[in-house]
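Just below is one structure, and these are the notes that go with it.
The first residue in the sequence is number 1, and the count goes up from there.
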Amino acid sequence: MQKYELKKLWGNKRQLLFQSLNLAMIVFSALMIWKSLMVFTESESPVVVVLSGSMEPAFQRGDILFLNNHDHPIRVGEIVVFKVKDRDIPIVHRVTKVHEKYVAPTAQSVGRRLLTLACAGRTARWSC
């Protein structure tokens with residue numbers, strides 16, 4: 001049945017072109033939204049998915065965190081996301097103490113939690 005539908009679509013060049021343009025518009029719209037979020041939040045990764053249970057009960061596995069990286073001092077209790085050298089997955093932690101003498105390089109900082117969508121990222125780990 002699928003082969004018949006594909007042959008039918010291939011035979012109708014106008015419909016194939018229309019479907020291809022629709023797919024391209026969806027992909028480019030997603031890229032534009034992502035780049036807009038990067039500019040607005042000043043973060044290289046404005047959206048992250050919580051992949052481990054280390055932040056429970058505050059965040060469950062599969063929660064999506066929207067981040068910002070605006071310049072204001074980090075306070076105790078804030079949720080921060082940062083990268084560790086040689087690791088692909090960003091780390092999510094709650095600030096328990098602020099050391100005035102040590103300032104982490106901005107290249108390590110991904111951002112601070114702005115908004116959380118519970119279980120919205122379950123497709124990243126296939127269940128919630």
Which atoms form the tightest heavy-atom contact between Gly77 and Arg94, and what is the distance?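 Taking every non-hydrogen atom into account, O-NH1, 3.3 Å.
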Going from [atom1] on [X] to [atom2] on [Y], what distance comes out if it is rounded to the nearest 0.5 angstrom?
| X | Y | atom1 | atom2 | answer |
| --- | --- | --- | --- | --- |
| Asn68 | Leu37 | CG | CG | 11.5 Å |
| Gln19 | Asn22 | CD | CG | 6.0 Å |
| Ile33 | Phe40 | CD1 | CZ | 14.0 Å |
| Ile26 | Leu31 | CD1 | CG | 12.5 Å |
| Phe28 | Leu23 | CZ | CG | 9.5 Å |
| Thr41 | Phe66 | OG1 | CZ | 10.5 Å |

Is there a side chain to side chain contact (heavy atoms under 4.5 Å, CB included) between Val49 and Asp63 once you walk through the steps? CA-CA 6 Å; Val49 177; Asp63 289 356; over 6 Å; no
Ile64 vs Val47, side chain to side chain contact (heavy atoms under 4.5 Å, CB included): CA-CA, chis, key distance, verdict: CA-CA 7 Å; Ile64 290 182; Val47 179; 3.4 Å; yes
Going only through I, L, V, M, F, W and Y residues with side-chain contacts under 4.5 Å, is there a path from Leu21 to Val27?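 Not linked; separate clusters.
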